[in-house]
Peer 1: 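Below are the structure tokens for one structure; questions will follow.
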Amino acid sequence: KLKYLTEIQGKWFVEVYKDQYTLSPLWSDGLYDKFIGRAAKRSLWMSATLTGGPKLAEMLGLDDYQYIEVPSTFPVKNRPFVYKPRVNLTRGTMTEETPELVKCIDLVLDKYPTFKGLIHTTSNELRDNILAITKHRSRMISHDASDRADKLEEFRKSPKPLVMLSPSFTTGVDLPGVLGFQVVAKCVTEDTQVFTPRGPVTHDQLAIGDTVYTLNSKGEIGIKPVL
């Protein structure tokens with residue numbers, strides 16, 4: 001596996017947590033044929049993507065494909081997204097801003113004492129910092145790479161209003177009828193990359209006239225200019 005990694009070109013996201021290293025490719029160019037395409041004559045991809053079907057096919061190196069787009073089955077009123085900017089969580093401000101973030105998270109948990117919730121922390125470090133400060137520690141549950149599936153099942157079956165803190169429950173997890181709320185603890189910042197037709201760039205790499213991919217309240221993907 002390490003030999004394969006040395007042969008793959010491109011940028012990678014690397015997260016170091018204690019003695020664990022997580023490597024994720026920024027783009028999947030060249031990986032499909034090597035690891036998936038040669039194992040099956042047909043593949044079915046059932047996933048949302050901000051880049052759209054044609055761009056995803058280009059990234060995977062696919063010439064022969066069929067793209068089917070369907071709208072969300074949930075009415076917008078049943079999936080509200082509340083945007084509450086309170087802190088600036090960049091690499092340089094994470095330590096000083098986290099206590100204020102935790103106050104906001106605790107207010108959400110105060111409001112929904114009988115509901116289960118999921119908090120997306122984006123990293124193990126932020127997850128640990130939240131657990132160390134929150135007043136709702138006894139209500140929270142989390143996981144590491146070795147017990148992810150077991151903790152998810154514990155969370156799902158528990159009759160208690162648990163709140164799962166996870167840096168990795170972003171895809172491949174389905175909790176119908178379980179969650180009462182979700183919290184995204186960290187969103188786009190100055191050092192976060194955004195998707196453009198030419199690939200991912202940081203905010204300071206954008207110029208007036210550039211275009212970026214957007215997602216509206218109906219779940220529709222669009223392209224808007226930077227003004």
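Keep in mind that what you see is a predicted model, and the values were worked out from it rather than measured. Both backbone and side-chain heavy atoms feed into the values below; hydrogens, waters and symmetry mates do not.
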Peer 1: Going through the distances and angles, do K160 and R139 end up as a side chain to side chain contact (heavy atoms under 4.5 Å, CB included)?
Peer 2: CA-CA 8 Å; K160 300 177 181 178; R139 190 179 163 190; over 6 Å; no

Peer 1: When you look at T121 and K186, which way does the side chain to side chain contact (heavy atoms under 4.5 Å, CB included) test go after all the steps?
Peer 2: CA-CA 7 Å; T121 64; K186 185 177 185 296; over 6 Å; no

Peer 1: What distance do I141 atom CD1 and K151 atom NZ have between them, rounded to the nearest 0.5 Å?
Peer 2: 5.0 Å

Peer 1: Excluding sequence neighbours, so at least two apart, what forms side-chain contact (heavy atoms from CB on, under 4.5 Å) with E153?
Peer 2: R156, K157

Peer 1: Measure from the side-chain N and O atoms of D147 to the backbone N and O of D144, and report whether any donor-acceptor pair falls under 3.5 Å.
Peer 2: yes

Peer 1: Can you list everything that forms a side-chain hydrogen bond (donor to acceptor under 3.5 Å, both in side chains) with Q182? Sequence neighbours excluded, please.
Peer 2: H120

Peer 1: Going from CG on D174 to CG on L179, what distance comes out if it is rounded to the nearest 0.5 angstrom?
Peer 2: 9.5 Å

Peer 1: Could you pull out every donor-acceptor pair under 3.5 Å between side chains of residues 101-111 and any protein atom, sequence neighbours left out?
Peer 2:
{"from": "D106", "atom 1": "OD1", "to": "T134", "atom 2": "OG1", "distance (Å)": "2.6"}
{"from": "D106", "atom 1": "OD2", "to": "K135", "atom 2": "N", "distance (Å)": "3.3"}
{"from": "D110", "atom 1": "OD1", "to": "H136", "atom 2": "NE2", "distance (Å)": "2.8"}
{"from": "D110", "atom 1": "OD2", "to": "K135", "atom 2": "NZ", "distance (Å)": "3.1"}

Peer 1: Which residues pass the side-chain contact (heavy atoms from CB on, under 4.5 Å) test with L44, sequence neighbours left out?
Peer 2: M46

Peer 1: According to side-chain hydrogen bond (donor to acceptor under 3.5 Å, both in side chains), who are the partners of S142, at least two apart in sequence or on a separate chain?
Peer 2: R127

Peer 1: Side-chain contact, heavy-atom cut-off 4.5 Å: V163 with L118?
Peer 2: no

Peer 1: What pair of heavy atoms forms the shortest contact from P54 to Y65, and how long is it?
Peer 2: CA-OH, 3.5 Å

Peer 1: If the condition is side-chain contact (heavy atoms from CB on, under 4.5 Å), which residues does P75 pass it with, not counting sequence neighbours?
Peer 2: K77, N78

Peer 1: About how many Å separate CD1 of I133 and CG of D128, when rounded to the nearest 0.5 Å?
Peer 2: 11.0 Å

Peer 1: Is the shortest heavy-atom distance from the side chain of H143 to the side chain of P167 under 4.5 Å?
Peer 2: yes

Peer 1: May I ask you to test the L162-M140 pair for a side-chain heavy-atom distance under 4.5 Å?
Peer 2: no

Peer 1: Strictly by ring-ring contact (aromatic ring centres under 6.0 Å, His included), give each pair with a member in residues 84-109 just once, sequence neighbours left out.
Peer 2: none

Peer 1: With rounding to the nearest 0.5 Å, note down the distance linking OG1 in T95 to CG in N129.
Peer 2: 6.5 Å

Peer 1: Which pairs, with at least one residue in residues 85-111 and sequence neighbours excluded, count as a ring-ring contact (aromatic ring centres under 6.0 Å, His included)?
Peer 2: none

Peer 1: Measuring from L165:CG to I119:CD1, what's the distance to the nearest 0.5 Å?
Peer 2: 4.5 Å

Peer 1: For K116, enumerate each residue passing the side-chain contact (heavy atoms from CB on, under 4.5 Å) test, keeping only those at least two apart in sequence or located in another chain.
Peer 2: F155, S158, V178

Peer 1: Given side chains that start at C-beta, do those of L152 and D150 come closer than 4.5 Å, heavy atoms only?
Peer 2: no

Peer 1: So, using ring-ring contact (aromatic ring centres under 6.0 Å, His included) as the criterion, who are the partners of F181 when residues are at least two apart?
Peer 2: Y112

